[in-house]
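In the text below, chain A, chain B and the rest are named by the order of the sequence lines, each starting its count at 1.
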2 protein chains.
Amino acid sequence: MIQSSEHLRDTFHATGRRLTSQRRLLLGVLEESDSHLDAETLFVRAKARDPDISLATVYRTLAVLKEMGLVEEHSLGEEHSHYEAMRGEPHYHFVCLGCGKVIEFDAPPMKQIEEDVSEREGVCITDANLRLSGYCAQCQDTMGGQSCHGE
Amino acid sequence: MIQSSEHLRDTFHATGRRLTSQRRLLLGVLEESDSHLDAETLFVRAKARDPDISLATVYRTLAVLKEMGLVEEHSLGEEHSHYEAMRGEPHYHFVCLGCGKVIEFDAPPMKQIEEDVSEREGVCITDANLRLSGYCAQCQDTMGGQSCHGE
DNA sequence: GTCCATGCAAACTGTTTGCACGCGC
DNA sequence: GCGCGTGCAAACAGTTTGCATGGAC
């Protein structure tokens with residue numbers, strides 16, 4: 001969901017917010033980085049360009065961007081949150097328990113699951129979060145594959 | 001995965017661990033409770049029966065039970081973790097953003113998704129975590145349904 | 001008797017907040 | 001200039017850890 005600078009300003013304006021240099025910087029770092037950043041990493045990378053930016057601003061900005069739908073928050077490693085800039089198509093994550101690598105993928109059958117659940121339970125679904133975990137190809141090699149499945 | 005007391009002792013023994021009264025108590029509370037408990041709630045309920053139990057023991061025990069596969073950890077409310085006793089069949093969760101209610105459901109198409117991903121990406125999947133969020137039937141009524149979907 | 005498990009309190013991590021100043025508009 | 005956004009430091013919540021004692025086996 002990368003936007004031109006003017007459009008971006010409007011987007012902020014529309015909700016009574018201001019487009020500050022810090023917010024622009026943080027959005028930039030998020031969009032440049034293909035991977036999923038945690039707040040600390042985002043802070044470090046932003047600080048490299050603006051040494052005065054504070055961690056509190058990172059958290060506050062992430063909250064704002066999330067509220068505006070420009071950024072998504074994930075609990076990938078169970079521990080702390082990771083954030084990524086929205087790029088339109090919904091997608092899900094596979095996390096390698098060996099090396100921490102994250103693979104994104106789409107899963108068309110999810111539509112079906114959502115429909116089933118929302119019909120059967122009478123709920124309305126606004127968000128779907130799917131996280132698979134296991135071992136990536138490299139890690140399986142490294143470990144001799146003994147970690148794959150319980151059997 | 002409810003076990004008899006003797007079998008339970010063996011299960012602990014097999015990994016060089018001991019079956020203490022606290023561990024038995026915590027497992028009991030987890031199994032009795034149909035819902036998903038956070039550490040604090042589990043602590044309070046356990047404390048009602050054994051006023052001397054400490055929160056640290058709750059956390060240490062949960063870590064052990066998780067490692068033994070007797071208990072599962074979920075990040076349901078994004079904030080802090082929830083735990084539930086394993087009951088065999090895998091299942092997924094819907095969380096109501098309005099009232100926090102959790103609905104469990106099964107989703108057969110998940111099998112297909114797992115196969116697709118593991119084949120396409122060459123990974124081996126050991127765990128699948130699916131969390132849908134939205135609004136339950138009651139909350140939709142209460143709010144006049146204006147919260148359902150973006151449209 | 002050995003050694004794991006516990007209780008307690010202090011430490012730690014990730015995140016949030018109060019306040020005075022600064023900057024977008 | 002008004003008011004949101006910022007930096008800083010302190011507060012906070014959830015979780016972990018060091019240490020001496022207690023209990024399982």
Side-chain angles (χ1 to χ4, degrees), chain A residues 5-27 29 36-44 46-68 70-71 73-83, chain B residues 5-29 36-44 46-68 70-71 73-83 100:
Chain A
S5 211
E6 309 86 58
H7 185 190
L8 200 54
R9 189 191 310 260
D10 292 347
T11 311
F12 277 85
H13 241 119
T15 50
R17 299 179 215 272
R18 291 168 186 178
L19 179 54
T20 64
S21 62
Q22 291 93 334
R23 290 179 175 176
R24 210 192 306 262
L25 168 57
L26 290 171
L27 258 179
V29 174
H36 309 72
L37 305 179
D38 55 22
E40 187 67 28
T41 306
L42 178 55
F43 173 56
V44 169
K47 193 153 188 149
R49 297 198 221 162
D50 171 7
D52 285 337
I53 199 169
S54 91
L55 186 53
T57 297
V58 172
Y59 278 107
R60 281 190 275 233
T61 300
L62 283 172
V64 167
L65 297 180
K66 198 171 50 159
E67 215 175 298
M68 295 173 64
L70 297 175
V71 147
E73 181 179 8
H74 302 284
S75 309
L76 291 180
E78 312 280 357
E79 341 132 292
H80 56 320
S81 292
H82 288 74
Y83 301 84
Chain B
S5 212
E6 309 86 58
H7 185 191
L8 199 54
R9 189 192 311 262
D10 292 347
T11 312
F12 277 86
H13 241 119
T15 50
R17 299 179 215 271
R18 291 169 187 177
L19 179 54
T20 64
S21 60
Q22 292 91 334
R23 289 179 176 176
R24 209 192 306 260
L25 168 57
L26 290 171
L27 258 180
V29 174
H36 308 71
L37 304 179
D38 54 22
E40 186 68 29
T41 307
L42 178 55
F43 173 55
V44 169
K47 193 155 186 145
R49 297 198 220 162
D50 170 5
D52 285 338
I53 200 169
S54 90
L55 186 52
T57 296
V58 171
Y59 278 107
R60 281 191 274 233
T61 301
L62 282 172
V64 167
L65 297 180
K66 198 170 52 162
E67 214 176 299
M68 296 173 64
L70 296 176
V71 147
E73 181 179 9
H74 301 283
S75 309
L76 290 181
E78 313 280 358
E79 340 131 296
H80 55 323
S81 292
H82 288 73
Y83 302 84

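Atom-to-atom, CG of A/Asp38 to C1' of C/dT13 comes out at 12 Å; the value is rounded to the nearest Å. In this structure, B/Phe43 atom CZ and C/dT6 atom P are separated by 13 Å, rounded to whole Å. Note: CD (B/Glu67) to P (C/dC4) measures 14 Å, nearest angstrom. Straight-line distance from the CE atom of A/Met68 to the P atom of D/dC4: 16 Å, rounded to whole Å. Atom CG in A/Leu62 sits about 12 Å away from atom P in D/dT6, given to the nearest Å. In this structure, B/Asp50 atom CG and C/dG7 atom P are separated by 7 Å, rounded to whole Å. The nearest whole Å value for the distance from the CG atom in A/Asp10 to the C1' atom in C/dG24 is 14 Å. Nucleotide D/dG14 holds its C1' atom 12 Å from the NE2 atom of B/His82, rounded to whole Å.
Between A/Val64 and A/Leu70, the closest side-chain pair of non-hydrogen atoms is not below 4.5 Å. Considering only heavy atoms from C-beta on, B/Glu67 comes within 4.5 Å of B/Arg17 through its side chain. Here the side chains of A/Arg23 and A/Thr57 are not in contact, with every heavy-atom distance at 4.5 Å or above. Side chains of B/Leu42 and B/Leu62 form a contact here, defined as non-hydrogen atoms less than 4.5 Å apart.
Closest non-hydrogen pair, B/Ser54 versus B/Phe43, comes out as C-CE1, 3.5 Å. Across all non-hydrogen atoms, the minimal contact from B/Leu26 to B/Ala46 is CD2-CB, 3.7 Å. Scanning all heavy atoms of the two residues, the minimum distance from A/Thr11 to A/Thr15 falls at O-OG1, 3.8 Å. Closest of all the heavy-atom pairs between B/Arg18 and B/Phe12 is O-CD2, 3.7 Å. Nearest heavy atom pair, residue B/Ala39 against residue B/Leu55, reads O-CD1, 4.2 Å. Nearest approach of A/His82 to A/Asp38, heavy atoms of both residues: CD2-N, 3.8 Å.
Of the candidate nucleotides C/dA5, C/dT15, C/dG7, C/dA5 has the atom lying nearest to any side-chain atom of B/Arg23.
Between B/Gln22 and the phosphate of C/dG7, there is a side-chain N or O to OP1/OP2 separation shorter than 4.0 Å.
Within a heavy-atom distance below 4.0 Å of DNA chain C, the residues of residues 52-61 of chain A found are A/Leu55, A/Ala56, A/Tyr59, A/Arg60.
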Between the protein and nucleotides 23-25 of chain D, which nitrogen or oxygen pairs come in under 3.5 angstrom?
{"residue": "D/dG23", "atom": "N2", "partner": "B/Arg18", "partner atom": "NH1", "Å": "2.7"}
{"residue": "D/dA24", "atom": "N3", "partner": "B/Arg18", "partner atom": "NH1", "Å": "3.3"}
{"residue": "D/dC25", "atom": "OP2", "partner": "B/Arg9", "partner atom": "NH1", "Å": "2.6"}

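Comparing the end axes of the helix from C/dG1-D/dC25 to C/dC25-D/dG1, each fitted to five base pairs by superposing C1' atoms of four pairs onto the next four, gives an inter-axis angle of 40° (nearest 10 degrees).
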Dump the intermediate steps for side chain to side chain contact (heavy atoms under 4.5 Å, CB included) on A/Lys47 and A/Asp52, then the final yes or no.
-> CA-CA 7 Å; A/Lys47 193 153 188 149; A/Asp52 285 337; over 6 Å; no
